[in-house]
Amino acid sequence: MNPIPKRYESASVEPKWQQFWEDNGIYHFKQDDSRPVYSVDTPPPTVSGDLHLGHCYSYSHPDFYIRFQRMNGKNIFYPMGWDDNGLPTERLVEERMGISPEKVGPVAFIKAVNEMSQQLEKNYEWLWRRIGLSVDWRYTYTTIGDSARKVAQYSFIDLYKQGRVYRASSPTIWCPTCKTALAQAEVTDFQRETNFITIAFTLSDGQVLPISTTRPELLPACVAVFVNPTDKRHSHLIGKKAITPVFKKEVPILGDLKADPEKGTGIVMCCTFGDTTDIKWWREYKLPLISVIDHAGHLNEAGSFLSGMNIKEARKRIIEELTKSNLVLDKKVTSQTVSMHDRCDTPIEYIETKQWFIKVLDQKERLLKAGSQIKWHPPHMHARYEDWVKNLEWDWCISRQRYYGVPFPVWYCTKCDSVHLADISELPVDPRTSKPSKPCSCGSKDFTPETSLLDTWGTSSMSPQIAGRWLDEPALFKKVFPVSIRPQAHDIIRTWAFYTIVKSLYHENKVPWSDIAISGHGLSSEGHKVSKSRGNASDPKEMMEAYSADAVRYWASSSKLGEDSMISEEKIASGHKLVNKLWNVTSFSYQFLENYSSPTKTPALLPTDKWILSRLNQLIPEVTKDFEEYNHASAKNCIEEFFWDVFTDNYMEMVKTRLYDFADGSPERDSARFTLYTVLMTIIQLFAPIIPYVTEEIYQQVFKKNNTALSIHLSSWPRLQKELIDDNAEAIGDMLIEVATAVRRYKSEKKIPMGSPLETLKIAVTKDANAEILKKCLVDIKSVTRAKQINITIAKLDTALSVQGIS
RNA sequence: GGGCGGUUAGCUCAGUUGGUUAGAGCACCUGCUUUACACGCAGGGGGUCAGAGGUUCGAGUCCUCUACCGCCCACCA
């Protein structure tokens, strides 16, 4: 008779609804639809390893508020992409397969990268579907794919025409391991111990000039010596010449306030280039350029006898040489901060190369203003963006000397070196395998392709344009741009958020999104950031098999936006318990609701039912507000507390008698069934954004027959019914709980079963009116207390209840 | 060195605009096979809300300072 299975089997139920959503296009965006659009600038996961629970955490958050918006009648545009173009994916292939472009050649390498990213993307998609992201899978892209290439190349050409990109030979942040130029945003800091040695320069008269350095191997590139003009010890040296040790080169001694009298000896050598100060001095004082480090991090001919050595070897050798000649005056260990490439942890060098840049330094004001036009959630994340923009020192270097990525649509005339752009109609183009359609204005038909590739952020910064099919479907783009929401994690505010704002301002003169929601990271149990490459994550598949996808989402919903959260198997287990509890409530309710058809009007309600319905209607606006404000943790807590503490532990115990024992069609039973139906339906709707599977199963089993929505996720969000809010009923409810608690305490203290009957229960109340109402609740009080006899008396004081008798 | 967060029960975290006796889950203790659920139910123990000062009738909540933790940035001689 009861077709509801006793146990909830998430392993079979979840894939069933996943398939159902897919087959019925539940999450499809409707282009020809007048409902307001809610569009999402989904983060395309970087294809750089396996996804872990940390990703499930941050990707679940947008799904909560997207599902909420969908139930509120929004036309949802929720695409998905994979960021597989560029260095991170290359590095993964190098690490996992032990191959490099140098060893196997670029063609075989690119093939390997392609194969690995396709495999990983399949895994990613499987996981996202399984965890229940309500993505419209018709709108997917990869950043290496043709349409993304086309958008990225178009963007470059557009910016070139606007004069916002330029190619320049200048000192560039360079990774000697990856052998490519980098942007400021790809550099991260690292503290380490290093030798700080003081070496003897000399003045032309032979007097010793002690200079401290951590990088003696750059000595051959020394072009000047600086002292602080306010430093009385050294200011008299300004204008004289210094002679470098070992290499015996004469360099000028200059005065500049950036020379710190407190550091080392107060005298500093300027090499091209040891750090950004060297670059500033080189520019300001028009010093000569001696490049001594090559692209692979070796010293070149300028290094004389150090030539051919890597930086470490050269440093060791020059120290030996200096020591031999008694030129080392002092040596100590010091703590130093070095800048490293964030993808490979190699200390970066500053090397003069020719690169493409996008101008950003001249637009700081505009970029700051754009940042304030966007609503940041949580608001303090805005400060990180502002800090970044204010502290920018470099234009955005967008060329990378790599293999797997989007090429520049650019050739250079071999004869006159002028720049030739591809024709828009030819995009995407690979300049290495094709030629410009027209000869150069100088008459030459000989062209050299640009062999660098675009920075991977150069493509992903166009995510709204790529996902919204900017070039191919302008009508679609117009509907979804500016995008409603950008979800992303806080570590890439300076990259992805920043670059997307840059591109959107330059191309559209608009901010890309009205809101940005910043998630934290899922942290390992030791409190460390889980990362794809470090492999310290538990496997989401295992967790979902053991506890269900809903349970994993439950954990994700339990902390606030922007906060990191420890991966907690205990919390996932709690999620599993909640799912199970919902199922048991359903299986109990089903026997009373199986043949229930929702009444056209609210029946006459008993006080207990009025109470729970009033509480329910207090809950609805609260939860609605929470979801509107991206406060899923609070929403979850409120619904859970109402469901578990108020509804199941109290209300349901009170109405059992009416449901089991009263005649079908009696007012008492009608009121209870109506209430049970309404409350349970509303609870699963409120829970639906967070735990979409079990709520769908319950909807389909119990409520679908009375509702038109094909899926709970297409049903309308519960509306507040003000007329059901009833302060008096709530006061009665509080009294009922008070009575139940007193009886439970009594039984618990006597260590007798909750089900054992009570002989007499005496309740004293202060108001006549309350006594009258309580009398209407006798059946419910009996249900929860098993009292045979209840005496209600009026007392002057609000005396405690008295519970008597056992049998 | 600058900025932004955080510091609440053994652990993980909620605590809206300052308002009774500071909450939850897990863990712990005592009981309970109550016709939805032992993946449960009832009862209980456990916190000078990081420290100090201030504003206020009233501060976990607002202000100031201090300490520690985390993140971002700067410093890279």
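So you know, we letter chains A, B, ... as the sequences are listed, proteins then strands, and number each from 1. Quick caveat: nothing in here was measured; it's all calculated off a predicted structure.
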- Task: Kindly say whether, by distance alone, the side chain of A:S574 makes a donor-acceptor pair under 3.5 Å with the base of B:C26?
- Result: no
- Note on the structure: Rounded to whole Å, the CZ-P distance (A:R744 to B:A42) equals 5 Å
- Under 4.0 angstrom, heavy atoms only, what part of the nucleic acid is A:T214 near: base, sugar-phosphate, or nothing? sugar-phosphate
- Message: Could you tell me the Watson-Crick or G-U partner of B:U34, where both distances fall under 3.5 Å? Say none if there is no partner.
- Response: none
- Look at A:R745 and B:G44 and indicate whether a side-chain polar atom (N or O) is within less than 4.0 Å of OP1 or OP2. yes
- Message: Over all strands shown, is A:M269 touching base, sugar-phosphate only, or nothing at heavy-atom distances under 4.0 angstrom?
- Response: nothing
- Judged by modelled atom types alone, do A:Y57 and A:S559 share a side-chain donor-acceptor pair under 3.5 Å? yes
- Identify whether any heavy atom of A:N631 sits under 4.0 Å from a base atom; if not, whether one sits that close to sugar-phosphate; answer base, sugar-phosphate or nothing. nothing
- In whole angstrom, what separates A:Q184's CD from B:C76's P? 14 Å
- Message: Here's a test of your reading of the structure: between A:F226 and A:A185, which maps to the more 5' nucleotide of RNA chain B?
- Response: A:A185
- Item | Salt bridge present between A:K656 and A:E653 (N-O < 4.0 angstrom) | yes
- Please give the nucleotide sitting opposite B:G47 as a Watson-Crick or G-U wobble pair, both distances under 3.5 Å, or none. none
- Message: Can you measure A:I173 atom CD1 to B:A74 atom C1' for me and round it to whole angstrom units?
- Response: 14 Å
- For A:T277 and B:C75, is the shortest distance between a side-chain N/O and OP1 or OP2 below 4.0 Å? no
- Assign A:T586 to base, sugar-phosphate, or nothing according to its heavy-atom contacts below 4.0 angstrom with the strands shown. nothing
- Query: So which one's nearest nucleotide on RNA chain B is more toward 5', A:S748 or A:D189?
  - Reply: A:S748
- Message: Taking B:U55 as the reference, what is the distance to B:G60 when you measure between their P atoms (whole Å, please)?
- Response: 16 Å
- Task: Mind checking A:T276 for me? I need base, sugar-phosphate or nothing, with any heavy atom below 4.0 Å counting as a touch.
- Result: sugar-phosphate
- Item | C1' spacing across the pair B:U8 / B:U34, given as an integer number of angstrom | 37 Å
- Message: What contact category does A:K581 fall into here, base, sugar-phosphate, or nothing, at under 4.0 angstrom with non-hydrogen atoms?
- Response: base
- Message: Over all strands shown, is A:K625 touching base, sugar-phosphate only, or nothing at heavy-atom distances under 4.0 angstrom?
- Response: nothing
- Could you tell me whether A:W281 contacts a base, only the sugar-phosphate backbone, or nothing, with contacts defined as non-hydrogen atoms closer than 4.0 Å? nothing
- Task: Searching all strands shown, indicate the nucleotide that pairs with B:C75 (Watson-Crick or G-U wobble; both distances under 3.5 Å).
- Result: none
- Query: A:A259 near the nucleic acid: base, sugar-phosphate alone, or nothing, with a heavy-atom cut-off under 4.0 Å?
  - Reply: base
- Message: Measure CD/A:E629 against P/B:U17 and give the value in whole Å, please.
- Response: 10 Å
- Query: The side chain of A:S339 lies closest to which of these nucleotides: B:C41, B:C76, B:U33?
  - Reply: B:C76
- Re B:G19: Watson-Crick or G-U wobble partner, both distances kept under 3.5 Å, found to be B:C57
- Partner of B:C68 by Watson-Crick or G-U wobble geometry, both contacts under 3.5 Å, or none? B:G6
- Task: Select base, sugar-phosphate, or nothing to describe what A:H380 touches, counting heavy atoms under 4.0 Å on all strands.
- Result: sugar-phosphate
- Message: What's the gap between B:G18 and B:U35 when it is taken at their P atoms, as a whole Å value?
- Response: 49 Å
- Query: Considering only B:C37, B:C75, B:G2, which nucleotide approaches the side chain of A:E393 most closely?
  - Reply: B:C75
- Base, sugar-phosphate, or nothing: which does A:K390 touch, judged by heavy atoms less than 4.0 Å apart? nothing
